[in-house]
Amino acid sequence: MFHRQSVKYKLLVGFILVMIPVVTYMLINNSNSRDLVRVKVSETYNNTLTIFTGQIDHYLQQIDDYLYKMGVLDADIGLLTSYPVNSNDYTLTKVRINAKLNRDVGVYNLVDSVFLYQADDIIFGTESVYNDTYKLITEHMEQSSYKAEMYQYGKSNWQLGESDRVAGKYYLINYIKVTDDLFFGAIVTIQDIHDLLLIQWNDGDIGFTDIFNVENDHLTDVLTAYSSLEGESSSDIIDANASDYVLLEQRSHVANMAYRLAIPEKTIMRELLFFRNATFVAPIFFLVILGLYILYMQRMLFKPLHELMLGMKKVSLGNLEVRLQRNNTIEFDFLANTFNDMAEQVKNLKIDVYEEQLRVKQGELKQLQSQINPHFYMNSLNIIYNFAVLEEMDSVKKMSLHLADYFRFIMTSNRDMITFKEELKHIENYITIQQLRFPNRLEMSIENIDPFLNYPIAALTIQPFVENAIIHGFKNRKQIFKITIAAHRNSDQGFIITISDNGTGFPEDVLVKLRRHEAIEEGQRTSLGIMNVINRLELLYGKLATIQFRNLTEESGAVIEIYFPIYEELK
């Protein structure tokens, strides 16, 4: 997902906003083009259909004129009624008329049959099956009630008939009244008219054509269902999907029928195939272009931006080794080089600052280590003097030896780190000196410290707590004062050194300050021993080392617990 405030989101939305008007214009332009072509093609086809309708009406009118002229002017037709049926003169006249009718059937367009009808005899010429035509004329004329209403030599209208004896089932018939018993007429099949219509429109390619009966100004029966589409009319096809067709309609002025042309949309739009396909392809093309655009922008813009942001994030988290690769784009190549130079400068600056901090910490550590209680010097020298006055030379020697070792350790301990073993040796010298000061009143025990003797610590880390216990816990004591130094594993990551005594313990106010790591005021001077150790542990180990202060009971026994982390090589 894209964040709404990101450059990627804004570029994508901008591209879409630019492309939408373009695609919309294409769609609207194509729609207008389709409508214009539809109108123009429809007008052209409608004009052609009008011409065709006019031609068919003209042919039918020519047949009307032919019937009128033959009925009025032909001598043989006029003589026929004057001879008895089956007489020789009647027969000769009938032969002559029959020859004329057969001749005229081939002369006039659309005419299927021409006949001369009277109740006793029928003379006709036809291009269809003789017997079927004879029966068709007989059945129609016998059933027609229209004959009685006709005027002699009066113009008539074309009537629609239906019979299975005619190809296509439907036909048009027209006749005039020559005498009361003699009628002269012609038959035109709907199929012949439709055949001309099919030739005109190449049915199924340009469009579907049908001829309809018209009653009360409405189209009713389809007259070409059996001829054009083998039982299925264009109406059935159009009704299935009317929106895909353009309907054109023309009505005959001579007969009660109408011509309908159903032009498929694809035929009208054949010349606009490219634009039609473009309409459907445009959205897909737009999506493809959008995808390519996103891929291009991803490679040229979004990816370098992401790498730059990722590099800045890594630098902010402390990884100063990250470097950006060169880019083919001038702007991003400049940014990458600038970023790499800045990262290198920050790295060098951080190293310089770190080294300076180390120098400061080392100076602070040496300063803290160099702090020595002057009272201890004076007390120790005073003890030696007293032993000398009492001529206890063995005590003077012992005191001098341990005091020398004690001060040698302090004066020569310029290393940053020593081992627990060396620290314990120094504590033993200090306890021995104190035992000489207070004979038979001071004891110290060391328990379970062997696994940690080689652990590196800062000098004078444990000794100040032992010294503090003797100074504060040993006051006005009649019983033996015992100090215990013990160690035990706390977890896989560290161990605890415990310094405990059986003295008076920490006063409550002092305990509160120690837990807050606050300095303790004692008369005219500040007790620096404990705070000295706390500060050095923070310098060396940071948050990994901790000190806890508590009493064994509410009124006696001080306990100090120092948690040290274990280095990997000591596990």
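Within a 6.0 Å sphere centred on OH of Tyr134, heavy atoms belonging to other residues, nucleotides or ligands number 12 at most. In the displayed structure, Asn86 atom CG is contacted under 6.0 Å by at most 12 heavy atoms of other residues, nucleotides or ligands. Within a 6.0 Å sphere centred on CG of Asp181, other residues, nucleotides and ligands contribute 12 heavy atoms or fewer.
Taking both residues in full, the closest heavy atoms of Tyr90 and Pro84 are given as CB-O, 3.1 Å, listed atom of the first, atom of the second, then distance. Taking each heavy atom of Gly125 and Val105 in turn, the nearest pair found is O-CG2, 3.2 Å. Across every non-hydrogen atom of Ala262 and Leu247, the tightest pair is CB-CD2, 3.7 Å. The minimum heavy-atom distance linking Val111 with Val188 is given by the pair CA-CG2, 4.3 Å. Nearest heavy-atom pair, Gln118 versus Leu80, reported as atom, atom and distance to 0.1 Å: NE2-CD2, 4.3 Å. Among all heavy-atom pairs drawn from Gly71 and Val178, the shortest one is O-CG1, 3.9 Å.
Rounded to the nearest 0.5 Å, atoms CG (Leu182) and CD1 (Ile123) are 8.0 Å apart. The distance from the CG atom of Leu197 to the CG atom of Asp192 is 12.5 Å, given to the nearest 0.5 Å. Between the NZ atom of Lys94 and the CG atom of Leu116 there is a distance of 10.0 Å, given to the nearest 0.5 Å. How far OG of Ser113 is from CG of Leu101: 10.0 Å, rounded to the nearest 0.5 Å. Expressed to the nearest 0.5 Å, how far CG of Leu261 lies from CD of Glu249 amounts to 11.0 Å. To the nearest 0.5 Å, the span separating CZ on Phe115 from CG on Leu67 amounts to 8.0 Å.
Two residues are said to be in side-chain contact when any heavy atoms from C-beta on lie closer than 4.5 Å; Leu172 and Met257 meet this criterion. Side-chain contact between Ile63 and Asp65 is absent, with no heavy-atom pair separated by less than 4.5 Å. Using a 4.5 Å heavy-atom threshold, the side chains of Leu110 and Ile193 count as touching. Looking only at side-chain heavy atoms (C-beta outward), Gln159 and Asn174 stay at 4.5 Å or farther from each other. The closest side-chain heavy-atom distance from Leu92 to Val95 is not below 4.5 Å. Using a 4.5 Å heavy-atom cutoff, the side chains of Thr220 and Val214 are not in contact. Within the 4.5 Å cutoff, the side chain of Tyr175 has heavy atoms near those of the Ile173 side chain. Under the 4.5 Å side-chain criterion, counting only non-hydrogen atoms from C-beta, Ile263 is in contact with Tyr45.
For Tyr455 and Phe564, the ring centers are positioned less than 6.0 Å apart. Taking the six-membered ring wherever Trp is involved, the centroid distance between the rings of Phe124 and Tyr117 does not fall below 6.0 Å.
No donor-acceptor contact under 3.5 angstrom links the side chains of Asn256 and Trp158, judged on distance only.
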Check the pair Leu219 / Asn213 against side-chain contact (heavy atoms from CB on, under 4.5 Å), numbers first and verdict last. CA-CA 6 Å; Leu219 276 61; Asn213 182 31; over 6 Å; no
Let me see the working for Ile566 and Arg489 under side-chain contact (heavy atoms from CB on, under 4.5 Å), right down to the final yes or no. CA-CA 10 Å; Ile566 296 181; Arg489 177 85 65 169; 2.4 Å; yes
As a quick check of understanding, evaluate side-chain contact (heavy atoms from CB on, under 4.5 Å) for Lys169 and Asp164, giving each step before the final call. CA-CA 5 Å; Lys169 189 176 181 180; Asp164 292 333; 4.0 Å; yes
Apply side-chain contact (heavy atoms from CB on, under 4.5 Å) to Thr53 and Ile56, showing your working. CA-CA 5 Å; Thr53 303; Ile56 298 299; 5.9 Å; no
Does the pair Thr93 and Asp76 meet the rule for a side-chain hydrogen bond (donor to acceptor under 3.5 Å, both in side chains), with working shown? CA-CA 6 Å; Thr93 304; Asp76 289 330; 5.1 Å; no
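Residues meeting the side chain to side chain donor-acceptor pair (under 3.5 Å) test with Tyr66, sequence neighbours left out: Asp104. Take His58 and apply the side chain to side chain donor-acceptor pair (under 3.5 Å) test, not counting sequence neighbours, and it matches Gln62. Residues satisfying the side chain to side chain donor-acceptor pair (under 3.5 Å) test with Glu139, not counting sequence neighbours, are Arg165.
Asp57 places a side-chain N or O within donor-acceptor distance of the main-chain N or O of His253, the cut-off being under 3.5 Å. Remark: side-chain polar atoms of Thr48 are paired, donor with acceptor, to backbone N or O of Thr44 under 3.5 angstrom. Side-chain N or O atoms of His194 include none that pairs as donor or acceptor with a backbone N or O of Leu223 at under 3.5 Å.
The residues Asp210 and Arg260 are annotated as not salt-bridged, no charged nitrogen and carboxylate oxygen being separated by less than 4.0 angstrom. In this structure, Asp180 pairs ionically with Lys177, as a charged nitrogen and a carboxylate oxygen lie closer than 4.0 Å.
By the 6.0 Å and 45° rule, Arg251 does not stack over the aromatic ring of Tyr259.
Across Thr126, Thr138, Asp112, a single residue satisfies side chain to side chain donor-acceptor pair (under 3.5 Å) together with Thr133, and that is Thr126.
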